[in-house]
Amino acid sequence: MGKALFLKLKESLLSVLPVAAIVLIISFTPIVSLTVTETVAFAVSSVFLVLGIGLFNLGADLAMTPMGEHVGSGLTKSKRVTVLLSVCFVMGVLITVAEPDLSVLAEQVKAVMNSTVLIATVGAGVGLFLVIAILKIIFRKNLSTLLMFFYMMLFALCAVLIESGKGGFLALAFDSGGVTTGPVTVPFIMALGVGIASTVGGRNANENSFGLIALCSIGPMLAVMVLALSSQGEIVYELADYSVESSLAAFGHIVAEHAFDVVKALGLIVVFFAILQAAVLKLPKKKIIQIAIGIAYTFVGLVVFLVAVAVGFMPIGFKLGQQLAAYDQTLLIVFGFVIGLVVVLAEPAVHVLNKQVEEITGGGVKKIEMLVALSIAVGISICLSLVRMVFGFSLLYYLIPGYLISLGLSFFVPKIYTAIAFDSGGVASGPLTSSFILPLAIGACVALSGTQSILTDAFGVVAMVAMTPLITIQVLGFKAVTSAKVRAKITMRRILSADDEQIIYFE
């Protein structure tokens, strides 16, 4: 266990170090001015971020992934499809309701829509689409066709919102898709798909296991758009107090709040698992002890991670955005691209996804390939988001062509790349993106145009982070297919040449 923890800490250090180094280096230039307190708070938070990611990833390996796989395979083996779908729906609703980021989202729009209704509706959306995802696995339906249908439905709703004068809700709706697939739910839901697909079997079982996160990200977007149509008035955004001093003063409250949020999210999964263990799974005691230890690691790691982000990364992100935008807009855009390249490395669930992808594809899609593709995608997405903020045009100018390209590529690349790509979108837009990149965008927006346009200009960056991996990873798949065809042609030519030589020799 000690060796495994050391390896996880080493991996998380390599992930966090680039982000921390870039921020600290720029803080010592005339461009950005941080106080001693802010610099120290960020440096200490970076250390705790390493610890949090390391513990979380170890906990995911020991508990979250095995739990998801056992629940998926156990319920599928029971051959009670109704029970499987009912459990998945309830689990999808409850886990989503417990997601802390969703509560933050609901608080920001409570002036125009009931926050309880919003949370319940989004939860129902995730539960419904988790059921659809499970049915896709059981009946081996084409993911590309489902995605095409539901995204066309989304864009139809976009047109209705714009026509009704409620286009201001669009960025918020698209951001909600990334917010609800959090670090607790992603490892569990992905493993659930693996467990069901491996039990159902079939020729493409590995490929069939992906796509759950992709579909579960669509439910919240549809839910927020539907609610927006029934809302009255415009969204009023209240700017939070982004300061290190305030965070340090409320340190005890922040720790307690995040600990409670993680207990809610983890507790619901644990309760469900305990019920299924007693009724269906009947796993050996040794395995249960391992899962219990893993849950403890997951809890401590996630609390440490979220507190470090709230205290050190969120305030510094806001200040960096504000000062860079005031200094030079071009520099702001370049910085956004560079920080985007490395920030995805520090997202906890990204490492879980990459490991599962490499294992399920038998090394066909390597972790390093996924990391490079995701890094480039997130860098481009943040860069484009800041360009949009500077010039003040609609988010739809990116999202409509972006999703059309993504869906179009799905017909030309191996289906497993499409499934991985659409899952990666929800995973890449994790808590560090919403707690560092979004405050960076909000800070820049405040410096450029004040607080009036935050919801239309700053919001939407999470949606962009969720969209660009769909293109880059499928391009990776297209490249793989093209390379394979070229290699096959070269091999065929060599065979033909050898045959020709043989014929000449015998003549």
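Taking OH of Y398 as the start and OG1 of T468 as the end, the distance is 11.5 Å to the nearest 0.5 Å. Atom CG of L448 sits about 11.0 Å away from atom CD1 of I454, to the nearest 0.5 Å. Atom OG of S46 is separated from atom CG of L24 by 6.0 Å, given to the nearest 0.5 angstrom. Between L353 atom CG and M190 atom CE the span is 4.5 Å, to the nearest 0.5 Å. To the nearest 0.5 angstrom, L34 atom CG is 5.0 Å from S27 atom OG.
Put simply, the side chain of V378 does not reach to within 4.5 Å of the side chain of M464, judged on heavy atoms. Side-chain contact between V342 and I339 is present, with at least one heavy-atom pair separated by less than 4.5 Å. Here the side chains of P66 and L62 are not in contact, with every heavy-atom distance at 4.5 Å or above. Looking only at side-chain heavy atoms (C-beta outward), L374 and I473 come within less than 4.5 Å of each other. Side-chain atoms of F335 and I22, non-hydrogen and from C-beta on, do get closer than 4.5 Å to each other. Using a 4.5 Å cut-off on side-chain heavy atoms (C-beta onward), V16 and L345 make no contact. Looking at V309 and S45, their side chains never come closer than 4.5 Å, going by heavy atoms from C-beta outward. Side-chain atoms of I471 and I380, non-hydrogen and from C-beta on, never get closer than 4.5 Å to each other.
Counting only distance, with no hydrogens or angles, the side chain of E369 and the backbone of K366 share a donor-acceptor pair below 3.5 Å. Side chain of D175 to backbone of F459: no donor-acceptor contact under 3.5 angstrom is found. In this structure, the side chain of T65 engages the main chain of A60 through a donor-acceptor pair within 3.5 Å. With S15 contributing its side chain and A346 its backbone, the two residues share no donor-acceptor pair below 3.5 Å. Without hydrogens or angle criteria, D423 side chain to F210 main chain gives no donor-acceptor distance under 3.5 Å.
Residues meeting the ring pair (Phe, Tyr, Trp, His ring centres under 6.0 Å) test with Y417, sequence neighbours left out: none. Every residue two or more places apart in sequence or in another chain that forms a side-chain contact (heavy atoms from CB on, under 4.5 Å) with C88 is listed here: L84, L130, I134, L192. Residues meeting the ring pair (Phe, Tyr, Trp, His ring centres under 6.0 Å) test with F318, sequence neighbours left out: Y242. With sequence neighbours excluded, the residues forming a salt bridge (charged side-chain N to carboxylate O under 4.0 Å, His left out) with E38 are K319, listed by chain and number.
Shown here for A447 and A326, the closest heavy-atom pair between the two residues is CB-N, 4.3 Å. Here the closest non-hydrogen pair linking A458 and M389 is CA-CE, 4.0 Å. Nearest heavy-atom pair across A428 and V344 is CB-CG2, 4.2 Å. Shown here for R388 and T456, the closest heavy-atom pair between the two residues is NH1-O, 2.9 Å. Residue K166 comes nearest to L229 through the heavy atom pair NZ-O, 3.0 Å, listed as atom of the first residue, atom of the second, then distance. When all heavy atoms of M467 and G402 are compared, the pair lying nearest together is SD-CA, 3.7 Å.
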Stepwise side-chain contact (heavy atoms from CB on, under 4.5 Å) test for L135 and V131: CA-CA 6 Å; L135 289 170; V131 169; 4.1 Å; yes
May I have the step-by-step check of side-chain contact (heavy atoms from CB on, under 4.5 Å) for F42 and V23, ending in yes or no? CA-CA 9 Å; F42 181 81; V23 173; 3.6 Å; yes
Run the side-chain contact (heavy atoms from CB on, under 4.5 Å) test on M370 and L476 for me, step by step, so that the C-alpha distance in whole Å, both residues' side-chain angles and the decisive distance to 0.1 Å come before the verdict. CA-CA 9 Å; M370 283 284 293; L476 185 71; 5.5 Å; no
Begin with the C-alpha distance, continue with both residues' side-chain angles, and end with the deciding distance and a verdict on side-chain contact (heavy atoms from CB on, under 4.5 Å) for L407 and F422. CA-CA 10 Å; L407 294 167; F422 278 85; 4.0 Å; yes
Residues 49-58 side chain polar contacts: donor-acceptor under 3.5 Å, at least two apart:
| residue | atom | partner | partner atom | Å |
| --- | --- | --- | --- | --- |
| N57 | ND2 | I53 | O | 3.3 |

Ignoring hydrogens and angles, write down the donor-acceptor pairs under 3.5 Å from the side chains of residues 141-156, residues two or more places apart or on other chains.
| residue | atom | partner | partner atom | Å |
| --- | --- | --- | --- | --- |
| N142 | OD1 | S144 | N | 2.8 |

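Q474 and S406 form no side-chain donor-acceptor contact under 3.5 Å, judged by distance and modelled atom types alone.
Residue F48 qualifies as open at atom CZ: its count of foreign heavy atoms under 6.0 Å is 12 or below. Residue F393 places its CZ atom among more than 12 non-hydrogen atoms of other residues, nucleotides or ligands, all under 6.0 Å distant.
The only option from L320, I316, V461 that meets the side chain to side chain contact (heavy atoms under 4.5 Å, CB included) definition with L440 turns out to be L320.
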